[in-house]
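What follows is a set of notes on a single structure, which appears directly below.
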Amino acid sequence: MELAVRAAAASCSTYPSLQRARVPHRSPGLAPHSARWVAVAAAIAVDPDIKTEQNDVAKTEVFACPVCYEPLIRKGPAGMNLSAIYRSGFKCSKCNKSFTSKDIFLDLTVTSGTKEYSELKPARTELFRSPLVSFLYERGWRQNFNRSGFPGRDEEFQMAQDYFQPVAGGILVDVSCGSGLFARKFATSGAYSSVIALDFSENMLRQCYDYIKQDNTPLNTNLALVRADISRLPFESCSIDAIHAGAAIHCWPSPSNAVAEISRVLRPGGVFVGTTFLSSPTNSGPFSAGALRPLRQIVGPVNSSYNFFTEGELEDLCRSCGLVNYSSKVQRSFIMFSGQKP
């Protein structure tokens, strides 16, 4: 993994044309003043049949093939909003794999388009693909997190905004977005040129769309819904300014692979912010603390299938994946942590 991180960092520095100019510091909530705020990598391939200016598309596109990470060719109307992406088709410029926005989200998983093949993810992943859990997530499930010290949606949002101030005006991806609890707030804040709500659960993305309609959020808001695997993010290297992962890392099958992917797609200066439950005897079993931690790694968790970590482990993980300037805020079992791409 360390070699992969170094290779990604080298690719960012080797191709300076892929780097976006550093965004001046602005307070959260301020709308971008001009198109310069949305300048992104100009390497995206554009289908010659598209009747739009190439520059306009290049400023808003960051999607890449999840198989070979090559830029996607887009055929359809430009824009990073729901209606434009729904009416667009995407194809890999190298392997020719096609992707479409069936339902209301763009499916950019490796298995997109398969007819016979299927695979099951770990139980904690499959749980959140359930229609019932997706329906209940903002109807009591997430609110129960306050028992562990989570401050609540509004305060967590503002805390994240504070971390994201250096990259305000750029592209933000809310990974493992669930029902869009925070993605919708990021999108309507006016602080980002585009917001991509990304989750592996089809039903969570459908629930997010339902909330968007209920909230009367304009469909031309720069908010896209994307289905993708956190361990294989469908973005070009060094193309994303901000990545948020709210109450997510403990659910990921391989947190190290996921954070390495986050590091790969962040541009230099990009910021990653995550929240999770800190490891404790009550949420990680009797092998969770202190000297018994190595034993837990051998025999596995006793009463939980989730990955809970100490603060030291989270910092170590971020640094091993190439992120710097680690910082965190802790409240009981709640932690918000952040790292930056050098």
Side-chain angles (χ1 to χ4, degrees), residues 23 26-29 40 62 80 105 128 137-138 142 145 150-201 204-205 208 211-212 217 221-231 233-235 239-252 255 258-267 269-277 309 314 317-318 321 323 325-329 331 334-341:
V23 180
R26 293 193 301 121
S27 298
V40 187
V62 292
M80 286 287 281
F105 54 84
F128 290 99
Y137 190 74
E138 287 189 45
R142 185 54 161 79
F145 289 9
F150 277 67
R153 181 191 185 192
D154 291 341
E155 187 173 344
E156 290 173 51
F157 169 75
Q158 190 54 58
M159 291 168 65
Q161 288 285 74
D162 292 342
Y163 277 118
F164 287 139
Q165 281 190 6
V167 290
I171 294 178
L172 180 144
V173 180
D174 188 18
V175 298
S176 297
C177 68
S179 56
L181 182 71
F182 291 100
R184 303 193 311 270
K185 287 185 73 69
F186 287 129
T188 57
S189 71
Y192 309 96
S193 61
S194 299
V195 173
I196 300 172
L198 182 149
D199 204 285
F200 188 76
S201 169
M204 282 292 190
L205 292 170
C208 181
Y211 279 126
I212 290 172
T217 303
T221 299
N222 287 335
L223 172 62
L225 303 184
V226 173
R227 180 173 184 249
D229 188 333
I230 185 63
S231 292
L233 292 175
F235 306 112
S239 62
I240 304 298
D241 299 276
I243 294 182
H244 175 262
I249 191 172
H250 53 273
C251 298
W252 295 343
V259 177
E261 270 291 86
I262 288 170
S263 179
R264 177 185 69 82
V265 303
L266 280 175
R267 70 168 180 84
V271 176
F272 167 51
V273 174
T275 62
T276 188
F277 300 88
F309 303 99
L314 291 171
L317 174 60
C318 288
C321 292
L323 300 179
N325 299 330
Y326 176 89
S327 64
S328 64
K329 298 176 182 178
Q331 181 172 302
F334 163 84
I335 182 172
M336 176 174 283
F337 62 98
S338 176
Q340 189 172 33
K341 181 75 169 285

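What you see is a predicted model, and the numbers here were worked out from it, not measured in a lab.
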| Under 3.5 Å donor-acceptor, R227 side chain and F200 backbone | yes
| request: Could you check F150 against F334 for ring-ring contact (aromatic ring centres under 6.0 Å, His included), going step by step and ending with a plain yes or no? | output: CA-CA 5 Å; F150 277 67; F334 163 84; 4.7 Å; yes
One should read off an interatomic distance between S201 OG and F105 CZ, to the nearest 0.5 angstrom, of 8.5 Å
For the pair F145 and Y137, name the ring-plane relationship: parallel under 30°, tilted 30 to 60°, perpendicular over 60°. perpendicular
Here the pair of heavy atoms bringing E138 nearest to S179 is OE2-OG, 2.6 Å
Let's go through V265 and V173 carefully: what are the C-alpha distance in whole Å and the side-chain angles of both, what is the deciding distance for side chain to side chain contact (heavy atoms under 4.5 Å, CB included) to 0.1 Å, and is it a yes or a no? CA-CA 10 Å; V265 303; V173 180; over 6 Å; no
- Item | N/O donor-acceptor pair under 3.5 Å between R153 side chain and L181 backbone | yes
Closest heavy-atom pair, C208 versus G178, reported as atoms and distance to 0.1 Å, is CB-O, 4.3 Å
Minimal heavy-atom distance between I230 and E261, with the atoms involved, is O-CB, 3.8 Å
For V271 and F164, the nearest pair of non-hydrogen atoms, with its separation, is O-CE2, 3.5 Å
Heavy-atom nearest pair, E156 first then P151, reads CG-CD, 3.5 Å
- Message: Within the structure provided, determine whether Q161 and F186 are in side-chain contact (heavy-atom separation under 4.5 Å).
- Response: yes
Subject >> C177 vs L205 side-chain heavy atoms within contact, under 4.5 Å >> reply: yes
Rounded to the nearest 0.5 angstrom, the CG-CZ distance for L223 and R184 is 9.5 Å
| message | When you compare the side chain of L233 with that of I240, does any pair of heavy atoms fall below 4.5 Å? | response | no
- Sidechain-backbone polar pair: R264 side chain, F235 backbone, donor-acceptor under 3.5 Å: yes
Verdict with reasoning, L314 to I249, per side chain to side chain contact (heavy atoms under 4.5 Å, CB included)
CA-CA 10 Å; L314 291 171; I249 191 172; 4.1 Å; yes
Separation between CD (Q331) and OG1 (T275), nearest 0.5 Å, reads 12.0 Å
**OP:** Kindly determine whether I171 and S193 satisfy side chain to side chain contact (heavy atoms under 4.5 Å, CB included), including the steps that lead there.
**Re:** CA-CA 6 Å; I171 294 178; S193 61; 3.6 Å; yes
When rounded to the nearest 0.5 Å, the distance separating CD of Q165 from OH of Y163 is 12.0 Å
Donor-acceptor contact present, side-chain D241 to main-chain G170, <3.5 Å: no
One should read off an interatomic distance between D162 CG and M336 CE, to the nearest 0.5 angstrom, of 9.0 Å
#### Entry: Verdict with supporting geometry, S176 and W252, side chain to side chain donor-acceptor pair (under 3.5 Å)
CA-CA 9 Å; S176 297; W252 295 343; 2.8 Å; yes
Under 3.5 Å, is there a donor-acceptor pair linking the side chains of D154 and Q158? no
Of all heavy-atom pairs linking T221 and A187, the shortest is CG2-O, 4.0 Å
Here the gap from L172 atom CG to N222 atom CG, rounded to the nearest 0.5 Å, amounts to 12.5 Å
Exercise. Return yes if some donor-acceptor pair links the side-chain N/O of S263 with the main-chain N/O of A260 below 3.5 Å, else return no.
Key: no
Test your reading of the model: is there a side-chain donor-acceptor pair from Q340 to the backbone of G269, 3.5 Å cut-off? yes
**OP:** Please state whether the rings of F272 and F337 are parallel, tilted or perpendicular, taking 30° and 60° as the class boundaries.
**Re:** perpendicular
